[in-house]
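Working notes, beginning with the structure itself.
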Amino acid sequence: MTIAITGTGSALPEKIVTNFDLEKLVETTDEWIQKRTGIAERRISDGETVSTLAAGACKKALEMAGKTADEVDLILVATCSPEMLLPCCACQVQELLGASGAAAFDLNAACSGFLFALNTAYAYLHAGIYRNALVVGSEVLSKLVDWKDRGTCILFGDGAGAAFVEAGAEAIIRSNGRRAGMECMVQGADGTKGMVLSCAERAVNNAFIPERQAESPYIRMDGQEVYKFATKQVPACIQDALDRVGLAVEDVDWFILHQANVRIIESVAKRLKVDIAKFPMNIHQIGNMSSATIPVLLDEWNRSGSIREGDRLVLSGFGAGLTYGASVLVW
Ligand code: UT7
């Protein structure tokens with residue numbers, strides 16, 4: 001059996017917000033943001049929602065895969081910023097696409113969400129429950145960001161990326177001898193560090209609780225704790241995933257990493273002793289879009305023709321939870 005990504009797509013809001021725009025909102029500079037994060041600008045919703053962006057990305061992924069919406073078996077949306085608690089975003093996407101035959105549900109593992117959703121889709125396909133899945137990461141973080149907090153508002157952006165994953169009975173051997181498809185996945189969590197990157201929902205405030213608790217509805221982050229976690233956990237889980245299938249970092253052509261900070265990506269490359277040229281980046285133009293960063297970068301790199309059949313990819317990221325994961329696959 002081969003379980004492989006056969007289409008990718010992405011959708012970004014039209015509106016561009018530069019570091020110079022942020023200089024007018026908080027005490028910061030373009031120089032500080034670029035030096036500490038690598039970000040120059042990001043896309044911010046001007047009305048686009050998590051579901052409309054997700055549906056836009058899905059349409060492009062389906063088109064690339066040569067499929068129509070009525071052929072989709074499963075829609076999995078990873079998001080931590082849905083516009084509705086009910087219904088879930090995946091059901092909204094199902095409606096927008098007209099994918100009436102698909103099962104649909106959301107999954108939240110913050111910035112690791114796309115990886116966790118991809119792994120979940122893999123498990124369903126491998127078990128023979130579904131033949132294909134649309135796997136999406138979509139976020140409108142701009143509504144969760146405190147635009148007075150310079151420690152977080154400079155980092156995040158809005159957008160969506162999608163991958164169409166299909167199971168086929170036959171093994172597909174590429175011209176370099178590699179077998180196409182998903183090879184290995186690793187995912188993990190450390191709930192004890194949950195509060196270093198958090199965003200509260202409504203507090204328990206039912207009719208039987210007299211004292212209402214005040215809570216901040218915005219993203220709160222201990223940036224340095226998250227940074228330490230990422231630079232340790234991401235290379236460790238990539239190494240773990242490769243070890244499980246007897247591969248070395250030299251066997252990997254592209255490392256598609258969560259775009260949170262250029263310095264984090266550079267540190268991962270250094271720890272793995274891999275040339276930074278194997279780590280494509282788009283954080284400069286679109287910042288950190290949480291679960292959307294990996295599929296948007298994958299789509300960009302795929303559409304540019306940089307990924308060739310037979311290339312081996314590692315997708316890896318980390319995020320609130322704290323969560324982390326890595327997937328190894330041959331294109
Ligand atoms: O998807 C996961 C999302 N989260 C992450 O990936 C976060 C990972 N962490 C980071 O990327 C970095 O920790 C940050 C970019 C958030 C911060 O960079 P840093 O090098 O860790 O800076 P810092 O927090 O140590 O702050 C250094 C200084 C402080 O001033 P003092 O105390 O030295 O006077 C901050 O108040 O920089 C100040 N600062 C800023 N200055 C200008 C913090 N934010 C800003 C800002 N502009 N936007």
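As the structure lists them, so they are numbered: ligands from 1, and atoms in each ligand from 1.
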>> Looking only at protein heavy atoms, which one is nearest to atom 23 (P) of ligand 1, and what is the separation?
In response: Q224 NE2, 3.6 Å

>> Looking at E83, I want to see if its CD is surrounded by more than 12 non-hydrogen atoms of other residues, nucleotides or ligands under 6.0 Å.
In response: yes

> Where is the tightest heavy-atom contact between C184 and A241, given as atom of each residue plus distance?
Replying inline: SG-O, 3.4 Å

>> Does the protein place a non-hydrogen atom closer than 4.0 angstrom to atom 19 (P) of ligand 1?
In response: yes

> What protein heavy atom is closest to atom 4 (N) of ligand 1, reported as residue, atom name and distance in Å?
Replying inline: M221 SD, 3.3 Å

>> Give me the nearest non-hydrogen protein atom to atom 38 (C) of ligand 1 as residue plus atom name, then the distance to 0.1 Å.
In response: R150 NH2, 3.7 Å

> Going through the checks in order, is the side-chain contact (heavy atoms from CB on, under 4.5 Å) test met by L315 and F255?
Replying inline: CA-CA 6 Å; L315 315 182; F255 293 82; over 6 Å; no

>> Would H258 count as being in polar contact with ligand 1, using the rule that some N or O on each side must be under 3.5 angstrom apart?
In response: yes

> Is atom 2 (C) of ligand 1 less than 4.0 angstrom from at least one protein heavy atom?
Replying inline: yes

>> Holding to ring pair (Phe, Tyr, Trp, His ring centres under 6.0 Å), I want the full list of residues that pass it with F164, two or more places apart in sequence or in another chain.
In response: none

>> What protein heavy atom lies closest to atom 6 (O) of ligand 1? Include the residue and the distance to one decimal.
In response: A260 CB, 3.3 Å

>> Looking at every non-hydrogen atom in both residues, tell me the closest pair between C153 and L22 and how far apart they are.
In response: O-CD1, 4.1 Å

>> With the threshold set strictly below 4.0 angstrom, can you tell me whether any protein non-hydrogen atom sits that near atom 14 (C) of ligand 1?
In response: no

> If you count the atoms of ligand 1 from 1 in the order shown, which ones are under 4.0 Å from a heavy atom of N261?
Replying inline: 10 (C), 11 (O), 15 (C)

> So which of G223, A320, S291, G319 gets nearest to atom 9 (N) of ligand 1, if we judge by its closest heavy atom?
Replying inline: G223

> Between L22, T28, V26, which one has a non-hydrogen atom sitting closest to atom 47 (N) of ligand 1?
Replying inline: T28

> What is the distance from atom CG of L107 to atom CZ of F114, rounded to the nearest 0.5 Å?
Replying inline: 11.5 Å

>> If I take atom CZ from residue R174 and atom CZ from residue R179, how far apart are they, to the nearest 0.5 angstrom?
In response: 12.0 Å

>> I need the atoms of ligand 1 closer than 4.0 Å to a non-hydrogen atom of R36, numbered in the order shown.
In response: 19 (P), 20 (O), 22 (O), 27 (C)

>> Heavy-atom distances under 4.0 Å decide this one: backbone, side chain, both or neither, for N288 against ligand 1?
In response: side chain

> At what distance is the nearest protein heavy atom to atom 17 (C) of ligand 1, and which residue and atom is it?
Replying inline: W32 CH2, 4.0 Å

